[in-house]
Amino acid sequence: MSNKGIPFHKPFINENEINEVVDTLKSGWLTSGPKVKLFEQKFESLYPIGFNALAVSSATAGLHLALESYGIKRDDEVIIPTHTFTATAEVIEYMGAKPIFSDIEKDTLCLSTKKIEPLITKKTKLIMPVHFGGLPCDNDKIYELASKYSLNVIEDAAHAFPAKYKGKLLGSNDNGIKVFSFYANKTITTGEGGMIVVKDKNLSNRMSIMRTHGIDRDVYGRYTSIKKSSFYQVVAAGFKYNMQDLSACLGIHQLDKAFIMNEKRARIAAIYDDNFSDLPVILPSKACGNSTHAWHLYVLRLEENLSIYRDEVVDYLTEAKIGTSLHYIPLHRHKYWQEKYNLDSHEFPNSDMAYLSSISLPIYCQMSNEDIEYICSKVKEAINKICFK
Ligand SMILES: *Cc1c(COP(=O)(O)O)cnc(C)c1O
């Protein structure tokens with residue numbers, strides 16, 4: 001541990017990413033080009049044949065494109081968990097549609113069909129589950145419910161690369177659209193960026209066109225195809241959501257390390273679990289069967305009656321130079337969403353209690369064994385001193 005302490009997150013960047021960026025800088029082609037193509041191809045190769053991977057400027061952009069491709073329009077309703085980042089909700093308003101906020105399951109902190117079904121109305125068009133912290137939601141049940149009511153599904157998988165659901169890489173199911181985030185603190189990073197994974201060719205084509213101004217061929221194709229080399233058509237008022245090569249340079253090498261980094265995070269989670277199992281806390285839910293957790297977050301929760309001490313515990317850790325975070329201040333507690341949709345904490349008891357009692361601890365592969373031990377000892381010390389004083 002440096003004398004600056006242990007930050008909440010640090011990306012794992014080495015010479016490979018740096019050399020790739022230098023290569024691109026020297027090549028003279030900075031925006032969407034060969035590196036984005038390669039990144040997409042590498043991503044696609046992780047999925048069954050026929051799947052499409054579309055690199056975008058952020059997961060937020062990807063979620064917006066996904067909603068657009070499903071034709072979401074004014075007054076449509078889209079069900080989301082309240083326990084998420086504001087991006088999940090804001091993209092729905094981009095389409096003039098209405099987010100419908102759902103409480104989460106107490107143990108997994110994910111949406112469940114039990115929570116979703118009572119919220120379905122004639123206006124409901126789509127469900128947007130969030131794989132909270134990297135733990136896969138119960139997708140089979142969610143897709144079954146969606147099909148029962150003829151709803152589409154967009155998975156906000158911002159936290160969840162490379163989790164597995166029932167033995168397969170999350171996103172490998174035929175239906176729906178999945179969106180991963182490569183924001184600076186996510187499980188793999190391109191600084192800013194995201195990836196859409198979709199099987200349906202029509203949806204993929206629409207999103208591909210809409211991510212570059214509604215132009216009917218991607219930027220690279222436009223300048224390198226021999227036939228009609230400078231001909232293109234604008235077919236819709238699209239967006240500027242393409243990923244640039246400079247970002248893809250990171251993605252190409254982050255992808256190579258994704259599973260190793262995931263293993264390291266899983267090891268850290270197991271050490272945390274071991275150390276904290278005797279404390280008055282709720283440990284994060286595990287992935288069951290042959291599903292796996294992406295371990296983007298390790299969210300430790302104080303037992304309900306001790307949640308009043310949460311801020312003190314956080315202060316203690318901050319004092320010990322351990323970076324922590326809070327996932328999340330739920331949407332129903334943010335001024336804009338609360339006021340616009342008249343949301344009240346009592347409607348979301350599980351999310352609200354999770355918010356009040358949660359502490360997100362550092363979990364990333366740059367942490368040393370000493371860092372992990374230090375955090376374990378300080379967390380135990382904090383909780384024992386503060387909650388039993
Ligand atoms: C980070 C995040 C996003 C947005 O990702 P960006 O790539 O930053 O746009 C969306 N949803 C959730 C749950 C996130 O955590």
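All heavy atoms count here, side chains included; hydrogens, waters and symmetry mates do not. Each ligand, and each atom within it, is numbered from 1 in the order the structure gives.
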Mind listing the N or O contacts between ligand 1 and protein, cut-off under 3.5 Å?
from     : atom 1 : to     : atom 2 : distance (Å)
ligand 1 : 5 (O)  : Ser181 : OG     : 3.2
ligand 1 : 7 (O)  : Ala59  : N      : 2.9
ligand 1 : 7 (O)  : Ser181 : OG     : 2.7
ligand 1 : 9 (O)  : Ala59  : N      : 3.3
ligand 1 : 9 (O)  : Thr60  : N      : 2.8
ligand 1 : 9 (O)  : Thr60  : OG1    : 2.5
ligand 1 : 11 (N) : Asp156 : OD1    : 3.3
ligand 1 : 11 (N) : Asp156 : OD2    : 2.7
ligand 1 : 15 (O) : His159 : NE2    : 2.7
ligand 1 : 15 (O) : Lys186 : NZ     : 3.2
ligand 1 : 15 (O) : Tyr328 : OH     : 3.1

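- Using cut-offs of 30° and 60° on the angle between ring planes, the pair His332 and Phe348 is parallel.
- Ser368 and Asp371 share a donor-acceptor pair across their side chains, judged by distance under 3.5 Å alone.
- Heavy-atom contacts from other residues, nucleotides or ligands closer than 6.0 Å to NZ of Lys42 number more than 12.
- At a threshold of 4.0 Å, the pair Lys380-Asp278 does not count as salt-bridged, since none of the basic side-chain nitrogens sits closer than that to a carboxylate oxygen.
- Using a 4.0 Å cut-off between charged nitrogen and carboxylate oxygen, Lys378 and Glu381 count as a salt-bridge pair.
- Hydrophobic clustering keeps Tyr241 apart from Val197 (ILVMFWY residues linked when any side-chain heavy atoms are closer than 4.5 Å, directly or through intermediates).
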